[in-house]
Amino acid sequence: MSQARPAKGTRDFSAAEVLRRRYVVGVLQSVFERYGFAPLETPSFENLETLMGKYGEEGDRLIFKILRSGDFMKSVANPTQPKASELADKALRYDLTVPFARYVAQNAGVLAMPFRRYQIQPVWRADNPQKGRFREFYQCDADVVGSTSLWQEVELVAMYHEAFATLGLDVVVRVNHRGLLAGIAEVAGLGDRLIDFTVALDKLDKVGAEGVRSEWRDRGFTEAQCAALEPALTASGGIQDTLTQMGKWLSASEVGTKAVAELTWLVERAGRTGNIALDVTLARGLNYYTGCIFEVQATDVAMGSVGGGGRYDNLTGIFGVPGLSGVGISFGLDRIVLCLEERNRMPNPASGPQVLVVQFSEAEADYAFAVATDLRAAGIRTVMYPEPAKIKKQFDHAERIGAQWVALAGASEQAQDTVQLKNLHTGEQHLVSRSALGEFRWNQGA
RNA sequence: GUGAUUGUAGCUCAGCUGGUUAGAGCGCCGGAUUGUGGUUCCGGAGGUCGCGGGUUCGAACCCCGUCAUUCACCCCA
């Protein structure tokens, strides 16, 4: 086994893979831009304090920290037990939302609000890899800040629907509202245990109702509290029914009631653009969400979510700019690619050379190169064989690099200013004059 | 961080209850009258059996450790 391999959780992308990823990115970009989002790129690493504490305790653990430069150890107070901040002061970005919030806070005075940006860049997490899960992966985010209108949510869901419809992947956009969860916690008397409640509830589809109940108990909820939460486990049926149920159950809670109203309004409009589902068990880990939350699930592929997002009312507050509400969505590029491949919905765009120009002898190479230049000028992807190897070898090479045509351009062709074009698929051969290469039908016999 | 799994040629793998110079297919390189490929035939190169210890007359095989892979948990895209 070779020791030459990429680092854990990372991968190389071959030509074919790069092209497939570009295809997906292209679809997302075009959707983002049609909805008026402008691109933004931020650095791959940020100051450590910019990232720490934004993703919860678990998230902090998964941040890739970058060792300080220089002889930093000499300033460490206790070298046997250095503090993390003494060893590292920078970290690779963990997601695109926090760097975006940092950017908005920094430029709050000059950005036209509401401000819409999209961002397609890799992020890094020091997680253990598994299926569809990497330590370096791409996120494709679209966020809008500076507007509390629910129309933003409607548009973002429409973007999900449009993008996945274009890609040909069947998905459902699951919707929930942090206020709904907060309302449940309130009426069940959970106090500040909202996170414990939601993290367990989120696993309903995985571990079942009994699994959730026992996790609640493990997390220290009383039997009375568990009993009070019971309606959260049984909420099902139509979206409208569920909303009605929830409205009654949470009528004593102000946040709960408001959340139900918002969901009712959103669901009516978001349901027009595609498949959506109300899922009161949807929690999502990132604890900066405050309003509607989304998660996109491929319906025909066993895969974690292929996208997620939600509203966060005060993300820039921690960077000193309070009162800016934002809402955003994220597409998981790597997982989308995996899903499309599994569903055979991935096109295979051509990129390799179309023509290989054979080199017969060193004396004839100048003419071969002139022909190659003509071909390239005509927009044909062309490779000239670099040495006068055996013809069989040159043909083999043409086959292997996927070229459909071999161009034979030696002394006899030069005498007539022509080139022989042989189709490797059909075996047909055409004698074409150099001046007519631009009109040649390269796709014949493909 | 936890649990399990796997690690033999470039790739996919075989290798019996431990027993000589560790095999196959594919791939790679070369050749079969050197301006026309794919098929076929012939020949060739290529392995510290992940690494380090231990048991044994003898270890790819058994034991311990370690590293790496994959899958799952936690968490998440």
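Convention: sequence-line order gives letters A, B, ...; per-chain numbering from 1.
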Query raised in the report: For Val358(A), which contact category applies under a 4.0 Å heavy-atom criterion: base, sugar-phosphate, or nothing?
Result: nothing

Query - Integer angstrom distance from the C1' of rC67(B) to that of rC51(B) - result: 7 Å

**Report entry** Side chain Gln130(A) and base rU70(B) donor-acceptor under 3.5 Å
**Finding:** no

Report task. Establish, with yes or no, whether the OP1 or OP2 oxygen of rC28(B) is under 4.0 angstrom from a side-chain nitrogen or oxygen of Arg400(A). Result -> yes

Query raised in the report: Counting any heavy atom closer than 4.0 Å, what does Phe134(A) reach on the DNA or RNA strands: base, sugar-phosphate only, or nothing?
Result: base

Query raised in the report: Taking the P atom of each, how far is rA60(B) from rU8(B), in whole Å?
Result: 15 Å

Report task. Under 4.0 Å between any heavy atoms, over every strand shown, what does Ser361(A) touch: base, sugar-phosphate, or nothing? Just pick one. Result -> nothing

**Report entry** Any donor-acceptor N/O pair under 3.5 Å between rG35(B) base and Gln394(A) side chain
**Finding:** no

Query raised in the report: Glu295(A) near the nucleic acid: base, sugar-phosphate alone, or nothing, with a heavy-atom cut-off under 4.0 Å?
Result: nothing

Requested in this report: Consider only side-chain N and O atoms of Ser30(A) and Glu33(A), and report whether a donor and an acceptor are under 3.5 Å apart.
Outcome: no

Report task. Measure from the side chain of Arg61(A), starting at C-beta and using heavy atoms only, and say which of rC74(B), rG35(B), rA72(B) lies closest. Result -> rC74(B)

Requested in this report: Classify the nucleic acid contact of Arg219(A) as base, sugar-phosphate or nothing, counting any heavy atom under 4.0 Å across all strands shown.
Outcome: sugar-phosphate

Requested in this report: Please measure how far the C1' atom in rU36(B) lies from the corresponding atom in rU70(B), and state the result in whole Å.
Outcome: 47 Å

Requested in this report: Find which nucleotide of RNA chain B each of Arg335(A) and Val207(A) is nearest to by heavy atoms, and output the residue with the more 5' nucleotide.
Outcome: Val207(A)

**Report entry** Plane angle bin for Trp442(A) and Trp405(A) - parallel if under 30°, tilted between 30 and 60°, otherwise perpendicular
**Finding:** perpendicular

Requested in this report: For Ala411(A), report the nucleic acid contact type (base, sugar-phosphate, nothing); a contact means any heavy atom under 4.0 Å.
Outcome: base

Query raised in the report: When the P atoms of rG3(B) and rC64(B) are considered, how many whole Å apart are they?
Result: 15 Å

Between the protein and nucleotides 38-40 of chain B, are there any N/O to N/O pairs under 3.5 Å, and if so, what are the atom names and distances?
from, atom 1, to, atom 2, distance (Å)
rG38(B), OP1, Lys392(A), NZ, 3.4
rG38(B), N1, Leu424(A), O, 3.2
rG38(B), N2, Leu424(A), O, 3.4

Query raised in the report: With rounding to whole Å, what would you report as the distance between rU21(B) and rG27(B) at their C1' atoms?
Result: 25 Å

Query raised in the report: Are more than 12 heavy atoms from other residues, nucleotides or ligands located less than 6.0 Å from atom CZ of Phe45(A)?
Result: no

Query raised in the report: For the pair made of CG in Leu62(A) and C1' in rC74(B), what is the distance, rounded to whole Å?
Result: 9 Å

Query raised in the report: Using atom P of each nucleotide, how far apart are rU66(B) and rU20(B) to the nearest Å?
Result: 32 Å

Report task. Go through the steps for Phe197(A) and Phe221(A) under the test ring-ring contact (aromatic ring centres under 6.0 Å, His included), then give the verdict. Result -> CA-CA 9 Å; Phe197(A) 157 59; Phe221(A) 289 3; 7.2 Å; no

Query - Under-4.0 Å salt bridge between Arg174(A) and Glu295(A) - result: yes

Report task. Report yes if a side-chain nitrogen or oxygen of Lys8(A) is closer than 4.0 Å to either non-bridging phosphate oxygen (OP1 or OP2) of rU69(B); otherwise report no. Result -> yes

Query raised in the report: Ion pair present between Asp334(A) and Arg11(A), side-chain N to carboxylate O less than 4.0 angstrom?
Result: yes

Query raised in the report: Hey, does the side chain of Lys390(A) come within less than 4.0 Å of rG31(B)'s phosphate (OP1/OP2), counting only N and O?
Result: yes

Report task. May I have the step-by-step check of side chain to side chain donor-acceptor pair (under 3.5 Å) for Tyr289(A) and Asn176(A), ending in yes or no? Result -> CA-CA 11 Å; Tyr289(A) 291 122; Asn176(A) 196 13; over 6 Å; no

Requested in this report: Describe, in one word, how the ring planes of Phe294(A) and Tyr160(A) are oriented to each other, choosing from parallel (under 30°), tilted (30 to 60°) and perpendicular (over 60°).
Outcome: perpendicular

Report task. For Ser305(A), answer base if it contacts any base atom (sugar-phosphate contacts may also be present), sugar-phosphate if it contacts only those atoms, and nothing otherwise; contact means non-hydrogen atoms under 4.0 Å. Result -> sugar-phosphate

Query raised in the report: In Å and rounded to the nearest 0.5 Å, what is the CG to OG1 distance from Leu96(A) to Thr42(A)?
Result: 6.5 Å

Report task. May I have the distance from Leu338(A) (atom CG) to rC76(B) (atom P), rounded to whole angstrom? Result -> 20 Å

Report task. Please determine, for the side chain of Asn128(A), which listed nucleotide (rG35(B), rU2(B), rC71(B)) has the closest atom? Result -> rU2(B)

Query raised in the report: Expressed as a whole number of Å, how far does the C1' atom of rG54(B) sit from that of rC71(B)?
Result: 31 Å

Query raised in the report: Any cation-pi pair here, Arg21(A) with Phe13(A), using under 6.0 Å and within 45°?
Result: yes

**Report entry** Options rA77(B), rA72(B), rU70(B), nucleotide nearest the side-chain atoms of Arg125(A)
**Finding:** rA77(B)

Requested in this report: Scan Gly307(A) against the nucleic acid and name what it touches under 4.0 Å (heavy atoms): base, sugar-phosphate only, or nothing.
Outcome: sugar-phosphate

Report task. Just say parallel, tilted or perpendicular for the rings of Tyr55(A) and Tyr94(A), cut-offs at 30° and 60°. Result -> tilted

Report task. Would you mind reading off the distance between Gln404(A) atom CD and rU36(B) atom C1', rounded to a whole angstrom? Result -> 17 Å

Query raised in the report: Counting side-chain heavy atoms from CB outward, which of rA77(B), rA72(B), rU36(B) is closest to Gln429(A)?
Result: rU36(B)

Query raised in the report: Separation of His397(A) atom NE2 from rG30(B) atom P, in whole Å?
Result: 13 Å

Report task. Figure out the CG/P separation between Leu431(A) and rU36(B), and round it to whole Å. Result -> 16 Å

Query raised in the report: Under 4.0 angstrom, heavy atoms only, what part of the nucleic acid is Asp334(A) near: base, sugar-phosphate, or nothing?
Result: nothing

Query - Exercise: do Gln152(A) and Arg311(A) side chains pair donor with acceptor under 3.5 Å - result: no

Report task. Between Val199(A) and Glu413(A), name the one whose nearest nucleotide on RNA chain B is closer to the 5' end. Result -> Glu413(A)

Report task. Name all stems that contain residues of RNA chain B, defined as runs of 3 or more consecutive Watson-Crick or G-U wobble pairs, both distances under 3.5 Å. Result -> B:1-4 with B:70-73, B:10-13 with B:23-26, B:28-32 with B:40-44, B:50-54 with B:62-66

Report task. Look at Lys393(A) and rG30(B) and indicate whether a side-chain polar atom (N or O) is within less than 4.0 Å of OP1 or OP2. Result -> yes

Query raised in the report: Below 4.0 angstrom, N of the basic side chain to O of the carboxylate: do Arg213(A) and Glu210(A) qualify?
Result: yes

Query raised in the report: Stacking here means centres under 5.5 Å and planes under 30°; does Phe331(A) stack on rA77(B)?
Result: no

Requested in this report: Determine the contact category for Ile391(A): base if any of its heavy atoms lies under 4.0 Å from a base atom, sugar-phosphate if only primed atoms, P, OP1 or OP2 are that close, otherwise nothing.
Outcome: sugar-phosphate

Query raised in the report: Over how many whole Å does the gap from Leu28(A) atom CG to rA77(B) atom P extend?
Result: 16 Å

Requested in this report: Send over the distance from Tyr385(A) OH to rG35(B) P, rounded to a whole Å.
Outcome: 15 Å

Query - rC16(B) versus rU12(B) - spacing of their C1' atoms, nearest Å - result: 22 Å

Report task. Starting at atom CG of Asp202(A), determine the distance to atom P of rC76(B), rounded to an integer number of angstrom. Result -> 8 Å

